Amino acid sequence: MASHVLVTGASQGSGKATALLFAKKGWDVTLTARTPDRLMAVADQITALGRQALAVPADVGNAEQVADLVAKSQDAFGKIDVLVNNAGICLAGPTAHTTLEDWHQILNTNLWGCIHTVHAVLPVMQQQNSGTIINLGSFGGKMPLPQMTAYCTSKYALTGFTETLRLELAAQNIHVGIVHPGVINSD
């Protein structure tokens, strides 16, 4: 049985590149994003590489959609070896012009999206007694950036979540890590 990875935000940018890299390395891939047409195009690229792909359109900010995503992924592949929490959005501008709707949107995707996926995948990995969770942070989660208060808040919170979760799950053979990339050219 091939190894299996679930990648969020997999329809473009670093998520798409990550999903394709796993497939090139021989992994089967579950991918999710909010844009079905782009998501299906990535799934087609993965199957063209000779790997299995399951594309499940979902918004990681919605816990019910994430629970459905994880159930479909586990049903299709029987396990989840790696979770790559890549879904994220950026928001720049002065805090005085950042609406509460903006705050909710960025926190729902960048923080709650990761919490939702971890919450849904963790029982699977605990039952397997193994797994890896990789969260995509940002250098904005390690240092303050002007005009990016909402974004940095979401990424600082994700950094704390990840580092604490790593301590909690290490004894259960579940590795938790975070990657802090710089600017990524993506839509």
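Quick caveat: nothing in here was measured; it's all calculated off a predicted structure.
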Examine the side chains of [X] and [Y] and answer whether a donor and an acceptor come within less than 3.5 Å of each other.
X	Y	result
T8	N86	no
N85	N135	yes
S73	H4	yes
D102	T99	yes

[X] side, atom [atom1]; [Y] side, atom [atom2] - distance, nearest 0.5 Å:
X	Y	atom1	atom2	value
L136	L158	CG	CG	8.5 Å
H116	D59	NE2	CG	9.5 Å
E168	I174	CD	CD1	9.5 Å
N173	S130	CG	OG	6.0 Å

Got more than 12 heavy atoms from elsewhere within 6.0 Å of CZ, R34? no
Does W112, at its CH2 atom, have more than 12 non-hydrogen atoms belonging to other residues, nucleotides or ligands within less than 6.0 Å?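 Incorrect, the count does not exceed 12.
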Are any side-chain N or O atoms of T47 and backbone N or O atoms of D44, one a donor and one an acceptor, separated by less than 3.5 Å?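 Judged by distance alone, yes, a pair lies under 3.5 Å.
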Do side-chain atoms of T32 reach the backbone of V56 as a donor and acceptor pair under 3.5 angstrom? yes
Kindly indicate whether the side chain of T132, heavy atoms from C-beta on, has any atom under 4.5 Å from the side chain of D81.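 A side-chain contact under 4.5 Å is absent here.
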Would you indicate whether the side-chain heavy atoms of Q172 and Q126 approach each other to under 4.5 Å?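 A side-chain contact under 4.5 Å exists here.
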Applying side-chain contact (heavy atoms from CB on, under 4.5 Å) to Y151 and I89, what does each step give before you reach the verdict? CA-CA 8 Å; Y151 178 78; I89 57 174; over 6 Å; no
Test log, rule side-chain contact (heavy atoms from CB on, under 4.5 Å), inputs F22 and V82: CA-CA 10 Å; F22 270 97; V82 174; 4.2 Å; yes
What residue among L122, I80, L83, D75 forms side-chain contact (heavy atoms from CB on, under 4.5 Å) with V70? I80
